[in-house]
Each structure stands twice: as C-alpha cells, then as structure tokens.
> 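Shown below is the structure under consideration.
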There are 2 protein chains.
Amino acid sequence: MANKLAAASIRPTRQRVRIGQILWQSEHRHVTAEKVYMDCQEAGERVSLATVYNTLHQFRSAGLLREVPVNGNCVYCTNITPHHHFYNTETGELYDIPQDQMHLSQLPAPPSGMTVSGVDVVVRVKPNGGAA
Amino acid sequence: MANKLAAASIRPTRQRVRIGQILWQSEHRHVTAEKVYMDCQEAGERVSLATVYNTLHQFRSAGLLREVPVNGNCVYCTNITPHHHFYNTETGELYDIPQDQMHLSQLPAPPSGMTVSGVDVVVRVKPNGGAA
DNA sequence: TTCACTGCAAATGATTTGCAAAGCA
DNA sequence: TGCTTTGCAAATCATTTGCAGTGAA
C-alpha cells in the first residue's frame, strides 16, 4: 500500500495507508467519506472525518479513485477501470456495469475548444417489486 | 402556464406560474434553485428561496423538469425530451446533446428485481486551451 | 530539524423545515 | 370557508477550513 501511494506521489502516512487498505482490501467498492470514516472506526483506526475527506480528494486527484456522478453526496468508486453504473434510485446503491457490457457509439463532437475527458453513464433502476 | 401546471395536478399559484414562466420562457435551460431565485428577483417577483426549492421539486416530481446527475448542487434541466449532456468540468456548465447524436447500444440487463427507469450520459469536457 | 499532515471544532454553503399569515378553489 | 401554499428564519447535513500539535524524511 505504501508503494501504491508513493507511486502516486502521495506521502504514505499511517492514516492514508490505513484508508487505502480499507478501500482496496477486497472487491471494488462504492463509498462515501462517511462510510470510510465508519470503517476506520470499526477497524480501530483513529482518523478524523476531515482527514478522510482530504485523503479521498487526494486519492481522486491522483487517479486512485473515481467519483461517480450521482446527485447528492460524493460517492467514490475504487474501480478505476472504464465502466459504468446502475444506480438504485430507491436506496442510492451503485452496481458496476463492466465496460464490455455497454456500447457507446457515435460520441458527438464536443463544443469547440473543448476536449472530452471522460464519459459517465448512469442507468437509473428501481426495484420493480417495491412500488406497485 | 396555469394550464400546464393544472395538467400536472399542481395548483397554479402565482409563484408557481411565475417560476414556470421563467423556466420555460425561452430556450431549454439548465438551472439551479439559486439561479431561478435570482431570476425571480430580477423579474421583480417576490418569491422566497424556500418556495423556489419546493417548486422545483414539485415540477420535477411532476415530470416537468429533469434533474441532471452532476455532483455538487442540484441542477435542473427544462428539456424533458430524451437527451444527454456535456459537462464542463471547469465551469460546471451543461450543454445538451440531442438524443440522435448519441447512440447507446447493448444496454445490459439490470440486477434482478430491478427495472430501468432511465439512462443519463454525462460527457465530461474541459477547455483545451485552458491548462497547458 | 523541517515542513507536511492530522485532529478538532467552528465555519460554510446548500437545502429543508416549523409555524403563522396569506391565497386559491 | 377550508385546506394548501408561502415566507421567514432557524435547523440540518455534508463538506471545508484554521490553527496548533504530531509525524515522516
């Protein structure tokens, strides 16, 4: 983990290493600052919320995390490979859509003077059993 | 305008009618509550910010407005026809992408028990002259 | 040792809410 | 007239920031 951070030019402090371990300990995850903070608490790690926010921002700036464009709170995705999301509008949960399961063709030309820096596709879904 | 609101089962109060006029007075627009509030002020209309927020929510619930999935503040789009957006990551501005200029194929099946209720595509762009 | 990082708590900004007064059907 | 809506300001919620103490190189 320290190497991973160092490779991204981020000084591997204890807090950052721990947060990194929590983020990438298992499968890809979708987290909020609050969630990471709680995970730290549970892991017995003493980290302040402010530091969690700072760290997530740094990780994102360094390209270690992706921010998912969903209204409301900041949600970060630990999967930085190209992919998209299903967004459960009832619960706010996110599920990955592997890139190869979605095809985007005919990307239009951006406004003049602009360069495309990324594309986010959010497929809104809702439980069909829930509301009649 | 009163008819439009009535058709959506929204009681056409003076404030709502005025807000509606401001929203749909011209071309399609992308607005925040704050923006609408300022427009009201300029138009000499006495409406409180809270009412603007409430009204925008109602209009959205009624399907008269679309919410654009961009992190940060709530942005509403007066164009409710299917379309997508360019998102200027430097300024936060949005530009419509007509539906026919973007093709989405192979929409993957949603998680079991879920129904797709909509798809949002946000193409992030940035000025290419800006930062070297 | 030095400068970056962290923690705390207060500050901020956007949005919501409670309650009394006013408006629409 | 009765019930909905509005307005104001205070309350919330998520996130950021200032500053003094702590830690990494």
Side-chain angles (χ1 to χ4, degrees), chain A residues 1-23 30-41 43-62 64-65 67-76 91-92 94, chain B residues 1-23 30-41 43-62 64-65 67-76 91-92 94:
Chain A
M1 180 52 58
N3 292 336
K4 179 168 188 165
L5 298 187
S9 301
I10 292 177
R11 184 190 287 191
T13 65
R14 178 160 48 75
Q15 288 87 338
R16 290 177 183 161
V17 170
R18 287 309 184 83
I19 290 175
Q21 290 173 336
I22 284 173
L23 289 176
H30 298 106
V31 299
T32 59
E34 202 72 35
K35 173 68 177 150
V36 172
Y37 178 64
M38 291 191 296
D39 283 359
C40 284
Q41 306 269 286
E45 181 64 22
R46 175 191 165 74
V47 180
S48 76
L49 225 200
T51 297
V52 172
Y53 274 102
N54 289 334
T55 302
L56 290 179
H57 282 177
Q58 286 173 92
F59 285 5
R60 184 201 45 184
S61 297
L64 300 178
L65 287 178
E67 198 170 355
V68 182
V70 165
N71 271 318
N73 310 354
C74 285
V75 179
Y76 294 99
T91 66
L94 289 169
Chain B
M1 180 52 60
N3 293 336
K4 179 167 188 167
L5 298 186
S9 302
I10 293 176
R11 184 189 287 191
T13 65
R14 178 159 47 78
Q15 288 85 339
R16 289 176 183 158
V17 170
R18 288 309 183 83
I19 290 175
Q21 290 174 336
I22 284 172
L23 289 176
H30 299 105
V31 298
T32 59
E34 202 71 37
K35 173 69 177 148
V36 172
Y37 178 63
M38 291 191 296
D39 283 0
C40 284
Q41 306 269 288
E45 181 63 22
R46 175 191 166 76
V47 180
S48 76
L49 225 200
T51 297
V52 172
Y53 274 103
N54 289 336
T55 302
L56 290 178
H57 283 177
Q58 285 173 93
F59 285 5
R60 184 202 45 185
S61 297
L64 300 177
L65 288 177
E67 200 171 352
V68 183
V70 164
N71 272 315
N73 310 354
C74 285
V75 179
Y76 293 99
T91 65
L94 289 168

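No experiment lies behind these values; they were computed from the predicted model shown. Letters A, B, ... are given to chains in the order of the sequence lines, protein chains preceding strands, and every chain is numbered from 1.
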> When rounded to the nearest 0.5 angstrom, what distance separates CG in Leu5(A) from CZ in Phe59(A)?
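Between Leu5(A) CG and Phe59(A) CZ, I get 4.5 Å after rounding to 0.5 Å.
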> How would you list, by chain and number, every residue that makes a side chain to side chain donor-acceptor pair (under 3.5 Å) with Arg14(A), sequence neighbours excluded?
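Glu45(A).
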> Find the distance Leu56(B):CG to dT16(C):C1' and express it as a whole number of Å.
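From Leu56(B) CG to dT16(C) C1': 14 Å.
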> Nearest 0.5 Å, please: how far is CG in Asp39(B) from CG in Leu23(B)?
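Rounded to the nearest 0.5 Å, the CG-CG separation comes out at 8.5 Å.
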> When you compare the protein's N or O atoms with those of nucleotides 7-15 of chain D, which come within less than 3.5 Å of each other, and at what distance?
from, atom 1, to, atom 2, distance (Å)
dG7(D), OP1, Gln15(B), NE2, 3.2
dG7(D), OP1, Arg46(B), O, 2.8
dG7(D), OP2, Ser48(B), N, 3.0
dG7(D), OP2, Ser48(B), OG, 3.4
dG7(D), OP2, Thr51(B), OG1, 2.6
dC8(D), OP1, Arg46(B), NH2, 2.9
dT15(D), OP1, Cys74(A), N, 2.9
dT15(D), OP2, Tyr53(A), OH, 2.3
dT15(D), O5', Tyr53(A), OH, 3.1

> Nearest-Å distance, CD (Gln58(A)) to P (dA4(C))?
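In whole Å, dA4(C) P lies 13 Å from Gln58(A) CD.
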> Tell me the closest heavy-atom pair linking Leu49(B) and Glu34(B), and the distance in Å.
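The answer is CD1-OE1, 4.1 Å.
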> To the nearest 0.5 Å, what is the distance between CG on Asn73(A) and NZ on Lys35(A)?
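One gets 14.0 Å once the value is rounded to the nearest 0.5 Å.
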> Figure out the CE/C1' separation between Met38(B) and dG13(C), and round it to whole Å.
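That distance rounds to 14 Å.
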> When rounded to the nearest 0.5 angstrom, what distance separates OG in Ser48(A) from CG in Asn54(A)?
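One finds 7.5 Å between OG of Ser48(A) and CG of Asn54(A).
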> Tell me: CD1 of Ile10(A) to C1' of dA25(D), nearest whole Å?
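My rounded result for the distance is 17 Å.
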> Write out a two-atom table: protein N or O, nucleotide N or O from nucleotides 20-24 of chain D, distance below 3.5 Å.
none

> Where do Leu64(B) and Ala8(B) come nearest, in terms of heavy atoms and distance?
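Of all heavy-atom pairs spanning Leu64(B) and Ala8(B), the closest is CD1-CB, 4.1 Å.
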> Can you confirm whether the side chains of Arg16(A) and Gln58(A) place a donor and an acceptor under 3.5 Å from each other?
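Yes - a donor-acceptor pair under 3.5 Å links their side chains.
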> OP1, OP2 of dT6(D) versus side-chain N and O of Arg16(B): anything below 4.0 Å?
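Yes, because at least one side-chain N or O of Arg16(B) sits under 4.0 Å from OP1 or OP2 of dT6(D).
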> In whole angstroms, how far is the P atom of dA25(D) from the CG atom of Leu5(A)?
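Whole-Å distance recorded here is 11 Å.
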